[in-house]
Structures are given as structure tokens and as C-alpha cells.
Amino acid sequence: MKFEKEMKIIKKGTSEIIPEEALIKKLEYSHKTGKPLRIKYGIDPTGSDVHIGHLVPIRKMREFQDLGHIGVIIIGDFTAQIGDPTGRDSSRPALTHEQVKQNADRYMEQIYTVLDKSKTEVRWQSEWFGKMGMADVLKLLSKFTLAQFLAHDTFRKRYENGLSLGMHELMYPVLQAYDSVAIQSDVELGATEQKFNILSGRDMQRYFNMPEQVAVLSPILMGTDGKQKMSKSLGNYIAVFDNPKEKYGKVMSIPDELIINYFNYATKLDPDEIDKIEKELKAGEINPKIIKQRLAREIVSLYHGNEEAVKAEEEFNRIFSQNKIPTDMPEMIIKEKIWIIKLLKDTKLCSSNGEARRMIKQNAVSIDGEKITNSNQEIFPENEMILKVGKRRFLKLIKG
RNA sequence: GGAGAGAUUCCCGAGUGGUCAAAGGGGGCAGACUGUAAAUCUGUUGGCGAAGCCUUCGGAGGUUCAAAUCCUCCUCUCUCCA
């Protein structure tokens with residue numbers, strides 16, 4: 001097979017390439033003409049936090065860039081006003097232009113931790129949609145039928161379950177499809193849930209007499225809860241902006257079944273190496289914790305370097321394996337006696353007096369390792385004291 | 001446009017005048033057990049220095065000693081007919 005090496009790289013951690021032969025042809029053409037391929041990935045600046053699940057396709061884009069191709073990031077300032085209906089059962093609120101701009105800036109900052117800036121092109125949907133009139137919109141819409149959309153699981157389910165489905169949400173795939181025409185993409189990246197949208201791009205390009213893009217689909221990264229896909233709204237995500245300790249801890253909290261999955265999609269490790277790890281894990285001779293710690297190190301070092309990863313691991317072991325206190329923690333200076341409940345609430349260790357009382361009642365609060373049992377207690381540090389709530393909330397109290 | 005159903009706490013969902021801060025489940029949090037995993041068990045899950053009081057059942061008014069529950073108007077959603 002031609003371009004075997006390239007295809008191996010592209011296929012790593014990819015769940016589907018549609019159609020595969022077309023991609024080989026494109027690579028071939030690019031090689032012959034010296035023209036880089038245009039690799040598209042669209043983002044909706046609806047939020048600003050990027051998590052490592054988002055980065056699975058971004059990482060793939062980087063691999064394409066390393067092979068000499070151009071990454072084109074589409075800022076979906078129009079689609080953001082719709083909110084991707086894929087996999088959602090309710091619509092999203094629209095955003096203002098200011099918010100979109102801010103989110104987009106922050107978003108780019110985060111994905112440049114992975115991408116090669118010199119080979120990245122950033123395009124806004126408003127460049128082309130901003131100029132369109134109703135006649136153009138109708139023309140785009142006429143390319144698709146309702147039946148096509150109802151064949152799509154997301155739309156059908158919402159329709160059948162009697163949930164609201166706005167007309168504008170049906171526009172989402174149409175807009176995304178036209179983006180491919182506008183930027184003349186050769187390949188579009190996305191998670192598998194994007195299959196419909198990305199394939200719509202092929203249809204749209206065909207209508208515009210353009211070569212059709214190839215869909216390169218990445219698997220969906222599961223969230224740290226191991227139950228649902230990683231998503232911000234579910235709170236089961238590892239953010240790019242999380243600090244090393246947070247990242248490390250979050251990785252350690254994933255269920256064991258996800259270890260290999262994360263190795264595959266969230267690290268740069270070689271597939272052969274991952275195979276080896278998988279065998280070790282299956283043999284059951286090594287404590288999965290050891291393997292998970294390696295995973296955590298790999299992920300942390302990807303964003304913060306090796307040194308930080310080792311530090312995060314030491315800290316983790318210190319707190320959770322040896323049950324010691326962290327090396328640094330927020331501090332608070334206490335000038336006078338303070339009621340324990342008020343202290344917990346004021347320091348935001350607990351969100352309300354009620355929660356503070358609950359925590360005490362449940363034996364979750366301790367000072368210097370001694371459980372607090374009396375919720376009327378007043379606190380005044382003799383020198384320094386460590387206040388602990390639950391397993392991971394710490395505060396150093398200093399006599400003021 | 002016509003007819004009907006509906007909106008309850010983080011989510012789903014019960015509740016048709018006082019016994020309702022509101023059943024049950026999910027999720028979350030905490031404790032035990034652990035490897036900060038999973039599973040399991042237990043507790044807890046509006047606010048207030050806790051007595052009692054205050055705010056909360058789509059929104060605004062009203063009836064009543066008393067409203068998630070009854071009435072009026074409004075907003076939104078769904079189903080059927082066109």
C-alpha cells in the first residue's frame with residue numbers, strides 16, 4: 001500500500017475513516033503536487049474550557065500538520081448561536097458576540113498547546129455566513145430533506161420523545177457542511193458523534209462541484225466517571241487549564257476499565273507500547289494503580305512537562321497513600337476566636353452553615369488530624385493548624 | 001386557527017387546600033471498606049448561631065385563617081386536527 005507510514009499515523013486512535021481510499025488518493029495527490037491538504041476542525045465557542053476529550057481530534061490535526069498539511073480551525077460563531085444539537089436533548093442558550101469572541105480567544109490559547117501555530121489557519125464562519133442573504137440560505141437548505149435529518153438519531157429521538165426541537169437546530173449540520181465548501185477542506189476531523197455533520201459536508205461539497213472531504217473520526221473520550229462521555233456540563237472532565245495536581249488526581253479517579261482507553265486517546269504513547277501495557281494489566285500481576293499512575297504521569301507531562309508530573313505524583317502519594325497533608329495549601333490568618341461553622345462557611349470549605357453542620361455531624365471535619373464533633377466549638381490557632389474537610393479540602397490556619 | 005395535555009427542588013418524577021422544605025429514584029456529598037478505582041453498606045442532600053422563622057413547585061395577580069394544590073391573565077413545551 002502506498003503511504004503506508006502516513007496512514008498508520010493517521011489511523012492511530014482513529015475509529016473510522018470515510019472513505020479510506022479517498023484519503024490515500026488525496027495524500028497521493030498532495031504528494032505529487034506539493035499542495036498540502038486542508039484539515040478542518042470546527043469549534044463552537046460556547047464555553048471557554050477545553051478538556052482533554054476535545055483534544056483527541058486536535059491531536060490528530062497536529063499529526064497531520066507534522067506530515068506537512070494545513071490545519072484549519074473554524075470558529076463557529078454562527079453555529080454557536082444554535083448550539084450543537086448532536087447528543088443533546090435540549091437546546092442551548094444563544095451567546096452575545098462579545099462572549100463568543102472571548103471564548104474563541106481563550107479556546108485558541110488552549111488548543112495551541114497542541115497545534116503547530118505556523119501551520120494553522122483560523123477562520124470565522126461569519127466570513128461567509130455574514131454575507132449571505134435569505135436566497136442563499138434557502139439554496140443551502142434545499143440540498144437536504146427532512147427524511148435525511150430524521151434518519152439521524154439525535155433528531156429522531158428528540159422528535160419521537162416529544163421534546164422540543166427548534167427549526168434552527170436543523171440548520172446546524174447545514175452550516176457545518178457549508179463550512180467545508182467555504183474553506184475547501186480535504187479532511188474533516190471530529191468525534192464519532194460528528195459523523196452525520198461531517199458526512200453532510202461531503203454532500204454539500206458535491207453539490208458545489210468540489211472534491212469531497214474525507215471524514216476522520218475519533219472515538220469519544222469517556223469522562224472520569226466512566227459512565228458518560230467527557231463533557232463540561234457533566235463535570236467529569238479534565239481541563240487543559242487544570243493544574244498538574246488536579247489533572248493527576250482526576251486521572252487517578254477514573255475506573256480501571258478506562259485505563260487503556262485513556263492511554264490510546266489521551267497520550268502520545270506508541271500503540272505497541274500500549275499493547276504491552278494492556279497485556280500487563282490483563283495478566284493481573286501488577287496493581288492497576290501502578291499502571292494508572294503511569295497514565296496520570298503521561299497525561300500531566302504532556303501539558304506541563306515531566307518534572308511537574310513527578311511532582312504531582314509525589315503530592316498525590318503524600319496525601320492519599322500516606323494520608324499526609326499537602327505541601328502547600330491555602331492559608332488563612334485568624335485574629336480572634338471564631339465559631340467553627342462560620343469558619344467553614346467563610347473560607348468556602350463549605351457552602352452554607354447547613355453543610356458545615358452536616359460535615360461535622362458526618363465526621364468529615366478535622367483539625368490537625370483530630371475530628372471535630374461539637375458544632376458549637378470555637379477555634380483559635382495556637383500557632384498553625386491544619387483544617388481538613390472531607391478527603392481533599394485543606395486549609396492552613398495561622399495565628400494572626 | 002381548533003381541541004387536548006403539561007411546566008415541581010441538581011435531573012427524572014409523586015403530590016389536587018392544612019399532617020409539604022414537598023414521596024421515590026438518579027446524581028452529588030460524607031463515613032466505613034479500599035488503590036482518592038469499581039462494587040457494597042450507612043448517613044446526608046433549600047437558607048438562617050437551629051428555637052422557631054424565612055425563601056422555594058414556569059411568571060404576574062387574586063380567593064382563603066391557610067395555596068405546589070382553587071381562580072384570572074401571561075410565557076413556554078408537547079400531542080392530535082388543518
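Side chains are part of it too, since the values below use all heavy atoms of this structure and drop only hydrogens, waters and symmetry mates. Quick note on labels: first sequence line is chain A, next is B, and so on, each numbered from 1. For clarity, every value in this text was computed on a predicted model and none was experimentally measured.
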Chemist: Hey, which of these two, A:Ile259 or A:Ser352, hits RNA chain B nearer its 5' end, going by closest nucleotide?
Modeler: A:Ile259
Chemist: In the structure shown, which nucleotide is the Watson-Crick or G-U wobble counterpart of B:A23, with both distances under 3.5 Å?
Modeler: none
Chemist: Suppose we define a pair by two distances each less than 3.5 Å, Watson-Crick or G-U wobble; what does B:A67 pair with here?
Modeler: none
Chemist: Searching all strands shown, indicate the nucleotide that pairs with B:U79 (Watson-Crick or G-U wobble; both distances under 3.5 Å).
Modeler: B:A3
Chemist: Name the pairing partner of B:C48, where a pair is Watson-Crick or G-U wobble with both distances under 3.5 Å, or state none.
Modeler: B:G52
Chemist: Report the residues that fulfil ring-ring contact (aromatic ring centres under 6.0 Å, His included) with A:Phe320, sequence neighbours left out, ordered by chain and then residue number.
Modeler: A:Phe316
Chemist: Can you give one letter per nucleotide of nucleotides 24-34 of chain B, going 5' to 3': B for a protein heavy atom under 4.0 Å from the base, S for sugar-phosphate only, - for none?
Modeler: -----SSS---
Chemist: Quantified in whole Å, what is the P atom distance between nucleotide B:A7 and nucleotide B:G58?
Modeler: 7 Å
Chemist: In the strands shown, is B:C41 matched to any nucleotide by a Watson-Crick or G-U wobble pair with both distances under 3.5 Å, and which?
Modeler: B:G31
Chemist: Are A:Arg318 and A:Glu314 within salt-bridge range, i.e. N to O under 4.0 Å?
Modeler: no
Chemist: Do any pairs count as a ring pair (Phe, Tyr, Trp, His ring centres under 6.0 Å) and have a residue in residues 197-221 of chain A, sequence neighbours left out, and if so which ones?
Modeler: A:Tyr178-A:Phe208
Chemist: In whole Å, measure the gap between the C1' atoms of B:U16 and B:A66 for me.
Modeler: 16 Å
Chemist: Which residue pairs pass the salt bridge (Lys or Arg N to Asp or Glu O under 4.0 Å) test with at least one member in residues 330-351 of chain A, sequence neighbours excluded?
Modeler: A:Glu331-A:Lys396, A:Lys342-A:Asp346
Chemist: Are any of A:Ser253's side-chain N or O atoms less than 4.0 Å away from OP1 or OP2 of B:A37?
Modeler: no
Chemist: Would you measure the distance from the C1' atom in B:U75 across to the matching atom in B:G61 and give it in whole Å?
Modeler: 15 Å
Chemist: Going by salt bridge (Lys or Arg N to Asp or Glu O under 4.0 Å), name the pairs with one or both residues in residues 251-261 of chain A, residues two or more places apart or in two chains.
Modeler: A:Asp256-A:Lys292
Chemist: For A:Arg62, is there any backbone N or O sitting under 3.5 Å from a side-chain donor or acceptor partner on A:Asp116?
Modeler: no
Chemist: Suppose we screen for ring-ring contact (aromatic ring centres under 6.0 Å, His included). Which residues come up paired with A:Phe196, at least two apart in sequence or across chains?
Modeler: A:Phe149, A:His152
Chemist: Assess the residue pair A:Glu308 and A:Lys311 against the criterion (salt bridge (charged side-chain N to carboxylate O under 4.0 Å, His left out)); give the C-alpha distance rounded to whole Å, side-chain angles, the decisive distance to 0.1 Å, and a yes or no.
Modeler: CA-CA 5 Å; A:Glu308 284 294 326; A:Lys311 263 202 242 167; 3.5 Å; yes
Chemist: For nucleotides 77-82 of chain B, give me one character per nucleotide, 5' to 3': B if any protein heavy atom sits under 4.0 Å from the base, S if the only such contacts are to the sugar-phosphate, - if neither.
Modeler: SS----
Chemist: Closest nucleotide of RNA chain B for A:Ser351 versus for A:Asn317: which of these residues is on the 5' side?
Modeler: A:Asn317
Chemist: Could you measure between the two P atoms, the one in B:G6 and the one in B:G17, and give it in whole Å?
Modeler: 16 Å
Chemist: Name the nucleic acid region contacted by A:Ser375, choosing base, sugar-phosphate or nothing; use a 4.0 angstrom heavy-atom cut-off, strictly under.
Modeler: nothing
Chemist: Which residue pairs pass the ring pair (Phe, Tyr, Trp, His ring centres under 6.0 Å) test with at least one member in residues 11-33 of chain A, sequence neighbours excluded?
Modeler: A:Phe3-A:His31
Chemist: Using the C1' atom in both, what is the distance from B:C57 to B:A22, to the nearest Å?
Modeler: 8 Å
Chemist: Mind checking the P distance from B:C12 to B:G4? Whole angstroms is fine.
Modeler: 27 Å
Chemist: Test: salt bridge (Lys or Arg N to Asp or Glu O under 4.0 Å). Region: residues 127-146 of chain A. Which pairs qualify, not counting sequence neighbours?
Modeler: A:Arg123-A:Glu127
Chemist: Taking the C1' atom of each, how far is B:A67 from B:G15, in whole Å?
Modeler: 13 Å
Chemist: Could you measure between the two C1' atoms, the one in B:C70 and the one in B:G52, and give it in whole Å?
Modeler: 30 Å
Chemist: I need the full list of salt bridge (Lys or Arg N to Asp or Glu O under 4.0 Å) pairs touching residues 178-192 of chain A, with sequence neighbours left out, sorted by first then second residue.
Modeler: A:Lys26-A:Asp186, A:Lys40-A:Glu188
Chemist: Residues two or more places apart in sequence or in another chain: which of them pass side chain to side chain donor-acceptor pair (under 3.5 Å) with A:Lys279?
Modeler: none
Chemist: Write down the partner of B:C57 under the Watson-Crick or G-U wobble criteria, each distance required to be under 3.5 Å.
Modeler: none
Chemist: Near RNA chain B, under 4.0 Å by heavy atom, which residues of residues 288-299 of chain A?
Modeler: A:Pro288, A:Lys289, A:Lys292
